[in-house]
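As C-alpha cells, the structure follows; a few thoughts come after it.
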Number of protein chains: 2
Amino acid sequence: MIKNDIVQVIEKKTGFSRMKALKMVELILNSMKEALSNNEKIEIRGFASFKIVPKKSGFGRDIRRKKQIRIKGGKRVKFRPGQDLKKL
Amino acid sequence: MIKNDIVQVIEKKTGFSRMKALKMVELILNSMKEALSNNEKIEIRGFASFKIVPKKSGFGRDIRRKKQIRIKGGKRVKFRPGQDLKKL
DNA sequence: TTGGACTATGTCATTTTTGATCATCCGCAT
DNA sequence: ATGCGGATGATCAAAAATGACATAGTCCAA
C-alpha cells in the first residue's frame, strides 16, 4: 500500500476529488510529523504510539572496507503497535 | 499528541465539523490497519514504512517468578521512519 | 508518464527490543 | 465529565535492530 492507495480509499468513501482526498492524507501525516519534530509523543489507541528517544548507538560497520564506523548520537522515533496491530 | 489533536488540525484547516474530521482520521488509520492485516506493507515516502515480519523471538521473562518463558511465533509490524522523520 | 528522489538489501558489533504480568496512567467513546 | 479498556514501566536474557554505503528497485510530484 502506498500513499495513493489511501487517497483512493478516501475518494471512494467520501466522494472527494483526488486532490481533496490527497490533502486530507497530507494534513494528517504532516501534523504527525510536526508533533514528532517537536519531540512530542503520539498515542493513538488501537493503532500505535510513537515517541522520540535518544540515540545511543556507538558503532556500526562499513561492509566494503570491513571496518567499524562511529555512529553519532541523536534522536530516534520509537514505534509501538497498538492492540489492533498486535492481533494480526 | 492524541487522536483528538489531529482531528482539531483537520477542523481548523478544512472547516469540517468535529465528526467529519474524526471520520477522516479514522478512515485513514483504518485503511492502514487493514492493509497490515492483509500482510501488506505500507510505504509512504517522506513519512515512514511499515511491514509485516515473522516473529522469531523465542524467550521472554516472567519477573514475578523470575524464570524464562517460551514465546510463541507470530507476526510483528516493523516500522521504519522515512527521511523526514530521520532529520529530527 | 517519467525521472529524480527516496527506500530495500546485505554485512558486523554493539545497542535496543522483545515478551509475560501487574499496577498505574491515560486515551477516547459514551 | 466519567469510566472502561487500552497503554506504559519494570524486569532479564535471547533475539533483532541500528548505522554507513552502493546498487537495484520503486514511490510520486510535475
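Lettering of chains follows the sequences in order, A, B, ..., and the numbering in each one begins at 1. Quick caveat: nothing in here was measured; it's all calculated off a predicted structure. For the numbers below, each heavy atom of this structure counts, side chains included, while hydrogens, waters and symmetry mates do not.
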Find the distance [X]:[atom1] to [N]:[atom2] and express it as a whole number of Å.
X	N	atom1	atom2	answer
A:Lys23	D:dA29	NZ	C1'	14 Å
A:Met19	D:dC28	CE	P	18 Å
B:Leu29	C:dG27	CG	P	16 Å
B:Asp84	D:dC27	CG	C1'	14 Å
A:Lys33	C:dC6	NZ	P	11 Å
A:Ile2	C:dA8	CD1	P	14 Å
B:Asp5	C:dC28	CG	P	9 Å
B:Lys3	C:dT30	NZ	P	10 Å

Those residues of residues 41-49 of chain B lying under 4.0 Å from DNA chain C by at least one heavy atom: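 Going residue by residue through residues 41-49 of chain B, the ones with a heavy atom under 4.0 Å of DNA chain C turn out to be B:Glu43, B:Arg45, B:Gly46, B:Ser49.
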Just N and O in the side chain of [X]: are any of them under 4.0 Å from OP1 or OP2 of [N]?
X	N	result
B:Lys78	D:dT18	yes
A:Lys51	D:dG9	yes
B:Arg80	C:dA8	yes
B:Arg76	D:dA17	yes

For [X] versus [Y], what's the shortest heavy-atom pair and its separation?
X	Y	answer
A:Val77	A:Ile52	CG2-CD1, 3.9 Å
B:Ala35	A:Met1	CB-SD, 3.6 Å
A:Asp84	A:Gly46	CB-O, 2.9 Å
A:Lys33	B:Leu85	CG-CD2, 4.0 Å
B:Ile42	B:Met32	CD1-O, 3.5 Å

Out of D:dA7, D:dA29, D:dA16, whichever nucleotide has its closest atom nearest the side chain of A:Leu22: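 Closest of the options to the side chain of A:Leu22: D:dA29.
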Qualifying side chain to side chain donor-acceptor pair (under 3.5 Å) pairs with a residue from residues 44-54 of chain A, counting only residues at least two apart or across chains: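 Side chain to side chain donor-acceptor pair (under 3.5 Å) check on residues 44-54 of chain A returns A:Glu43-A:Arg45.
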Compile the donor-acceptor pairs under 3.5 Å between side chains in residues 8-15 of chain B and protein atoms, sequence neighbours left out, one pair per line.
from	atom 1	to	atom 2	distance (Å)
B:Thr14	OG1	B:Ile10	O	2.5
B:Thr14	OG1	B:Phe16	N	3.2

Pairwise 5' ranking along DNA chain D for B:Phe79 and A:Asn4, keeping only the more 5' one: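 So the residue in question is B:Phe79.
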